[in-house]
Amino acid sequence: IPFEGGIRSLCWKILLNYLPLDQTLWDSFLKKQRELYDQFLKEMIIQPGIAKANLGLSREDVTMEDHPLNPNPESRWNNYFKDNEVLLQIDKDVRRLYPDMAFFQRPTEFPCQLILDPQNEYETLRRRVEQTTLKAQTVDRNRSGVTNCPDGQTQVSSPGKALNLYPSNEYEVLPNGCEAHWEVVERILFIYAKLNPGIAYVQGMNEIVGPIYYTFATDPNKQWKEHAEADTFFCFTNLMSENRDNFIKSLDDSQCGITYKMESVFSMLKEKDVELYMKLQEQNIKPQYFTFRWLTLLLSQEFLLPDVIRIWDSLFSDQDRFDFLILVCCAMLTLIRDQLLAGDFTMNMRLLQ
C-alpha cells in the first residue's frame, strides 16, 4: 500500500474496520469518535488525576472505611494503586519502543491540548510515574517487575532477558507543553487497559500499537495526523478484538488460543516441507519455543519497522488475516531451511529465537 498522499494510513483505517465504507459518513463518524476519545481522557486520566491531587489533603479522605491500605475493590485508594501497577508496566515498555529509531523519543507536532491544558490542575500520567518510580528510596520488587533501587535508578525484570539499569537519560522528559510520541502511546495503552479490565495490559501490546501509531502520526495529511492518537486507539482496539485471545492465558489451549495457532504453523510446515518438519521434530524443537512471539506480536519484533509495516499491509488486507500470518511464519522457516537442516539443536534454537 503506498505511503504517498496518506493512502496507507487511510487504507489501514478502513481495513481495521474503523472507517465506514460509505465515505459520506466519515466526517460525522470521525467527529463522534474523537469526541468519545476526549471523554475517555477526561474520565480516566484528568478527573481521577484531579481527585488524586486532592486526595489526602483533607482528613475525610482517610477514614476507617477507606484508607491507603484498604484492600476493598471499591476503595478509591486501592483502585489508584492497581492502576499504578498497570501504568508502570506500560511506561517501562513504551520507553524502549523501537530503540533503534529516534521517532518515539521526539516531540509530537500535535500534543494533546486537553491533557496539557494548564488550567487542569491534576496528577498527570507523567507525574504518577515520576512519583512511583523515580522517588523510590527502598528496593521493592512488585508484580509489574519493576525494582526500585536506593540510588533512584530502576531495574526491570523481563522474562528471558536480563536488562541493565535504565541509563540516567531514560527518564528525561520534554519540557512542559511538549509530549514525546512514546507518551502518546502510553496514554493509548492506559486508556485501553482501563476500558478492558478483563485483559488490561499485557507486555507486548506496545509492539502492536507502535506501528499503527507511527503510520498515523507520520501521515503527510495534517488533518489526519492531528488526530493520530484517537484514530490509533480505535484501530488498535479493533485489531485487539481479533487478536486478544492470544493474550488471555486461560484460553491458551482452546481452539481460539495461542497454542492451537502455534501448532498450526508446524501443521502447515509438515504440509509444505515434510523434510524440514521431521528435522525439527527429531531435534525436539517445538513451535512454542519461537512462534509464540511471532504470532502474538504479529511479527513486529522480527523485522525492522518499515518491513513490519509492509507485512502488515498484506496482513490487514487479507480477509483471513491470521491464516495469512501462519503462512508467513511457515515461509520464514522454509527460507532458512538449509541452515536448519544442517544445524544442531543449539544452532537452530539460536537461529529461530
* Pair Y18-D231, side-chain donor/acceptor within less than 3.5 Å -> yes

* Asked: From I188 CD1 over to I191 CD1, what is the distance, rounded to the nearest 0.5 angstrom?
  -> 9.5 Å

* To do: Establish whether L304 and I311 are linked, either directly or via other cluster members, by ILVMFWY side-chain heavy-atom contacts under 4.5 Å.
  => no

* To do: Heavy atoms only: give me the nearest D313-W12 pair and the separation to one decimal.
  => OD1-NE1, 2.9 Å

* Would you call R337-E275 a salt bridge at under 4.0 Å N-O? -> yes

* **For I199 against V202, the heavy-atom pair lying closest together** => O-CG2, 3.8 Å

* Closest approach of R8 to F3 (non-hydrogen atoms, all atoms of both residues) -> NH1-CB, 3.7 Å

* **Test item: D320 side-chain N/O and D323 main-chain N/O as donor-acceptor pair under 3.5 Å** => no

* Indicate whether the side chain of S9 and that of K13 have a donor and an acceptor atom separated by less than 3.5 Å. => yes

* Can any side-chain N or O of D91 pair as donor or acceptor with the backbone N or O of L87 at less than 3.5 Å? -> no

* Roughly how far apart are C112 SG and R187 CZ, rounded to 0.5 Å? -> 4.5 Å

* Would you say I285 and I336 are hydrophobically clustered, going by side-chain heavy atoms of ILVMFWY under 4.5 Å? -> yes

* Would you call the rings of F234 and Y37 parallel, tilted or perpendicular if under 30° counts as parallel and over 60° as perpendicular? -> perpendicular

* **Enclosure of D27 CG (heavy-atom neighbours >12, cutoff 6.0 Å)** => no

* To do: Using the rule that two of Ile, Leu, Val, Met, Phe, Trp, Tyr join whenever any of their side-chain heavy atoms come within less than 4.5 Å, decide whether L116 and L114 are in one cluster.
  => yes

* Do the non-hydrogen side-chain atoms of E179 and I115 ever get within less than 4.5 Å of each other? -> yes

* For Q39, does the CD atom have more than 12 heavy-atom neighbours from other residues, nucleotides or ligands under 6.0 Å away? -> yes

* Does E302 use its side chain to pair, donor to acceptor, with the backbone of S300 at less than 3.5 Å? -> no

* To do: Please determine, by modelled atom types, if S317 and R321 share a side-chain donor-acceptor pair under 3.5 angstrom.
  => no

* Does Y192 belong to the same Ile/Leu/Val/Met/Phe/Trp/Tyr cluster as I46, with side-chain heavy atoms less than 4.5 Å apart forming each link? -> yes

* Say you draw a straight line from CZ of R293 to CE of M262; how long is it, rounded to the nearest 0.5 Å? -> 13.0 Å

* Donor + acceptor pair across side chains of K82, N84 (<3.5 Å) -> no

* What is the minimum heavy-atom distance between N348 and L340, and which atoms define it? -> ND2-O, 3.0 Å

* Asked: Which distance, rounded to the nearest 0.5 Å, do you find between the CE of M268 and the OG1 of T334?
  -> 11.5 Å

* Asked: Does CG in L21 sit with more than 12 non-hydrogen atoms of other residues, nucleotides or ligands closer than 6.0 Å?
  -> no

* **Pairwise side-chain contact, C329 with L299, heavy-atom cut-off 4.5 Å (strictly under)** => yes

* Is atom CD of Q319 surrounded by more than 12 heavy atoms (other residues, nucleotides or ligands) closer than 6.0 Å? -> no

* Asked: Is the number of heavy atoms from other residues, nucleotides or ligands under 6.0 Å of K279 NZ greater than 12?
  -> yes

* Asked: Ion pair present between E186 and R95, side-chain N to carboxylate O less than 4.0 angstrom?
  -> no

* Asked: Using 30° and 60° as the class limits, which term best fits the ring planes of W312 and F316: parallel, tilted or perpendicular?
  -> tilted

* Would you call the rings of F345 and Y289 parallel, tilted or perpendicular if under 30° counts as parallel and over 60° as perpendicular? -> perpendicular

* Aromatic ring pairing Y214/F104, orientation class (parallel under 30°, perpendicular over 60°, tilted between) -> tilted

* Asked: Where do W182 and Y213 land on the side-chain contact (heavy atoms from CB on, under 4.5 Å) test, with the steps shown first?
  -> CA-CA 10 Å; W182 66 260; Y213 175 74; over 6 Å; no

* Structure fact -> When rounded to the nearest 0.5 Å, the distance separating CD of Q288 from OG1 of T259 is 6.0 Å

* Asked: Has K225 got its NZ or CZ under 6.0 Å from the middle of the six-membered ring of F216, at an angle within 45 degrees of the ring axis?
  -> no

* Please check if W26 and F233 belong to a single hydrophobic cluster, counting links between Ile, Leu, Val, Met, Phe, Trp and Tyr side chain heavy atoms closer than 4.5 Å. => yes

* Positive for side-chain contact (heavy atoms from CB on, under 4.5 Å) with F322, one of L298, L295, L327 -> L298

* **Flag for D22-T24: side-chain donor and acceptor within less than 3.5 Å** => yes

* Mind checking the OG1-CD1 spacing from T215 to I309? Nearest 0.5 Å is all I need. => 4.0 Å

* Can you find a side-chain donor-acceptor pair between Y277 and Q281 that sits under 3.5 Å? -> yes

* To do: Under the side-chain contact (heavy atoms from CB on, under 4.5 Å) rule, what do V265 and L333 come out as? Steps first, then yes or no, please.
  => CA-CA 10 Å; V265 174; L333 293 171; 4.2 Å; yes

* **Contact check, side chains of I90 and N206, non-hydrogen atoms, under 4.5 Å** => no

* To do: Show your reasoning for whether side-chain contact (heavy atoms from CB on, under 4.5 Å) applies to M332 and F303.
  => CA-CA 11 Å; M332 289 166 64; F303 302 96; 4.0 Å; yes

* **Pair E35 + K31: basic N to acidic O under 4.0 Å** => yes

* Looking only at side chains, do D93 and Y201 share a donor and an acceptor under 3.5 Å apart? -> yes

* What heavy-atom pair brings Y98 and P211 nearest, and what distance separates the two atoms? -> OH-CG, 3.6 Å

* Asked: What heavy-atom pair brings L297 and G204 nearest, and what distance separates the two atoms?
  -> CD2-O, 3.3 Å

* Asked: How far apart are the C-alpha atoms of N17 and S241, what are their side-chain angles, what is the distance that settles it, and do they pass the side-chain contact (heavy atoms from CB on, under 4.5 Å) test?
  -> CA-CA 11 Å; N17 301 313; S241 71; over 6 Å; no

